[in-house]
2 protein chains.
Amino acid sequence: MGSKERIQRLKEENRINILEAAMQIVKEEGWQALSMRKIAEIIEYTAPMIYEYFTNKEALLSALAAQGYLQLAKKMCDAKERHAEPTQQLEAMWLAYWDFAFAEKELYQLMFGVGTQCCEQQKSFGGSNVHSKMVSEVIQEIMKDKQPSADILCQKYFTFWSVIHGLISINLVNEGLLGESNNQQILKDAIQGITRSLKD
Amino acid sequence: MGSKERIQRLKEENRINILEAAMQIVKEEGWQALSMRKIAEIIEYTAPMIYEYFTNKEALLSALAAQGYLQLAKKMCDAKERHAEPTQQLEAMWLAYWDFAFAEKELYQLMFGVGTQCCEQQKSFGGSNVHSKMVSEVIQEIMKDKQPSADILCQKYFTFWSVIHGLISINLVNEGLLGESNNQQILKDAIQGITRSLKD
DNA sequence: GATGTTTGCCTAACATTGTTAAATAACTAA
DNA sequence: TTAGTTATTTAACAATGTTAGGCAAACATC
């Protein structure tokens, strides 16, 4: 009897519903609002039922992230196929990556560990501003012959900050993924590369 | 009577003890293990006492982050003063930033919202590997004349990823700090800059 | 010095979380 | 219909952030 398959299909449907409910909550209220009971409420079950499908909350999050990796890979693959020339392919792929990050920002946060929890203060306190001024001054000094606009200055500063913060983040989240020597190489190359772009 | 000042000093001491206890827990067990009761246990008080010094847990985290911003600014300032030439100052400042991030990685995570919570899977599942292969292939194609080593290839890939992920992270954590046009400018400049460095 | 008032801290509690064990309902197979 | 399996719920536990109310010591005022 095909009922086994029908039941299998229902189970799979439940699994999907759980994941969809989770994403719905996260998109509406953010990661900190996601709870097993809220998910259960949406799919009209009780919380323990979810544990038939996911061993715990973290496993559920992993499943969501896995979906995200698939989506991202697909978008980048599509982007690549829209071009023939490798340089254009590369640019298109990273632009697709960029678009994905903002179109599915909650997923992106989960996948790559971008601060979901802590402190609403950065914006008010300025956070980075402490060092951004200091750095910008030095950048201005280096570029003084070119009389850079405030916008250009800001862009250069953020280019530095992005690459360094990005590399740090990647290292902190996936501990020791890159070797120490690779890190130093990338870091120095990047700093010198951008510095050179300031001068000429 | 000087007792007022003595009391004031005791209060300040308590405040410091709370913050130190919090950092101790975080360094030993990570952010997810930090709880008001554990802090209280270390300083030998009960949890509600902490609320005399911080209105809630987030305020406590903000205070920790504020300490971090000061430390970071000081280290970058020191680094700057060790050099006279702006280019060297700039490099030294960013290296100081880098060192701070790893010497005080818990603080760095808090300050700049680097994934403290979610999913232990990246390492096992490979996470990024899905797209890293795809991108590396294209990079290899672009560099095919130079017969790049696997290490070089890897470094180039991570240079791309760092700057893009960094820029995304900064945007996601401090929402709308940069304008849309600035973002596009930085992004395209960075991609084209690195791409150029692949060819020559 | 006795009395009222403020201050510092604690006990007890509440609501919300993730998670588990046991009871029950629903369904399948004979 | 009955026995057995599966699906789902109820009830509970421990840990979390947080608040209200109480107690005792220190202070101020007479």
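In what follows, chains carry the letters A, B, and so on, assigned in the order in which the sequence lines appear, proteins first and then strands, with residues in each chain numbered from 1. All heavy atoms count here, side chains included; hydrogens, waters and symmetry mates do not.
- Here C:dT20 presents its P atom at 15 Å from CZ of A:Phe54, a figure rounded to the nearest Å.
- Judged by distance alone, with hydrogens and angles left aside, the side-chain atoms of B:Tyr69 form a donor-acceptor pair with the main-chain N or O of B:Met111 at under 3.5 Å.
- Note: CD (B:Glu13) to P (C:dG8) measures 15 Å, nearest angstrom.
- The distance from atom CD1 of B:Ile39 to atom P of D:dA15 is 17 Å, rounded to the nearest whole Å.
- Atom C1' of nucleotide D:dT9 and atom CD1 of A:Ile50 are separated by 13 Å, given to the nearest angstrom.
- Going from atom CD of B:Gln32 over to atom C1' of D:dA15 covers 13 Å, rounded to whole Å.
- Residue B:Tyr45 has its side chain nearest to C:dC9 when only D:dT8, C:dC9, D:dT19 are considered.
- When each of C:dT20, D:dT18, D:dT8 is scored by its nearest atom to the side-chain atoms of A:Met49, the top-ranked nucleotide is D:dT8.
- Between B:Glu104 and B:Lys75 no salt bridge is recorded (no basic side-chain N to carboxylate O distance below 4.0 Å).
- Comparing the local axis fitted to the first five base pairs of the helix from C:dG1-D:dC30 to C:dA30-D:dT1 with the one fitted to its last five gives a bend of 20°, rounded to 10°.
- The aromatic ring centroids of B:Phe160 and B:His165 lie 6.0 Å or more from each other.
- Checked against the 6.0 Å centroid criterion, the rings of B:Phe100 and B:Trp94 do not qualify as a close aromatic pair.
- Distance from the side chain of A:Ala47 is smallest to C:dT19 among C:dC9, C:dT19, D:dT18.
- The residue from B:Lys199, B:Arg196, B:Glu141 that alone fulfils the side-chain hydrogen bond (donor to acceptor under 3.5 Å, both in side chains) condition with A:Thr87 is B:Lys199.
- In this structure the side chain of A:Leu70 never reaches within 4.5 angstrom of the side chain of A:Gln67, judged on heavy atoms.
- The two atoms that bring A:Ala40 and A:Ala47 nearest to each other are CB-N, 3.4 Å, heavy atoms only.
- In this structure, of D:dA7, C:dA12, D:dT10, it is D:dT10 that holds the atom nearest to the side chain of A:Pro48.
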Find every protein N or O atom lying less than 3.5 Å from an N or O atom of nucleotides 14-18 of chain C, and list the pairs.
{"unit_1": "C:dG18", "atom_1": "OP1", "unit_2": "A:Leu34", "atom_2": "O", "d": "3.4"}
{"unit_1": "C:dG18", "atom_1": "OP1", "unit_2": "A:Lys57", "atom_2": "NZ", "d": "2.7"}
{"unit_1": "C:dG18", "atom_1": "OP2", "unit_2": "A:Met36", "atom_2": "N", "d": "3.0"}
{"unit_1": "C:dG18", "atom_1": "N7", "unit_2": "A:Arg37", "atom_2": "NH1", "d": "2.9"}
{"unit_1": "C:dG18", "atom_1": "O6", "unit_2": "A:Arg37", "atom_2": "NH2", "d": "3.0"}

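- Ion pairing between A:Asp78 and A:Arg82 fails under the 4.0 Å rule for side-chain N and carboxylate O.
- Each side-chain hydrogen bond (donor to acceptor under 3.5 Å, both in side chains) pair with one or both residues in residues 10-25 of chain B, not counting sequence neighbours, appears once here: B:Asn14-B:Tyr53.
- One can place OH of B:Tyr53 at 7 Å from P of C:dG8, the figure rounded to the nearest angstrom.
- For the pair B:Lys38/B:Ser35, a side-chain contact is recorded, criterion being any heavy-atom separation below 4.5 Å from C-beta on.
- Taking the salt bridge (Lys or Arg N to Asp or Glu O under 4.0 Å) definition, one finds that A:Asp189 meets it with nothing, sequence neighbours left out.
- A search for side chain to side chain contact (heavy atoms under 4.5 Å, CB included) contacts involving B:Gln89 returns A:Val138, B:Lys80, B:His83, B:Pro86, not counting sequence neighbours.
- Atom CD in B:Glu41 sits roughly 13 Å away from atom P in C:dC10 (whole-Å rounding).
- Between A:Ile43 atom CD1 and D:dT9 atom P the separation is 9 Å, expressed in whole Å.
- Residues from residues 14-22 of chain B placing a heavy atom under 4.0 Å of any atom in DNA chain C do not occur.
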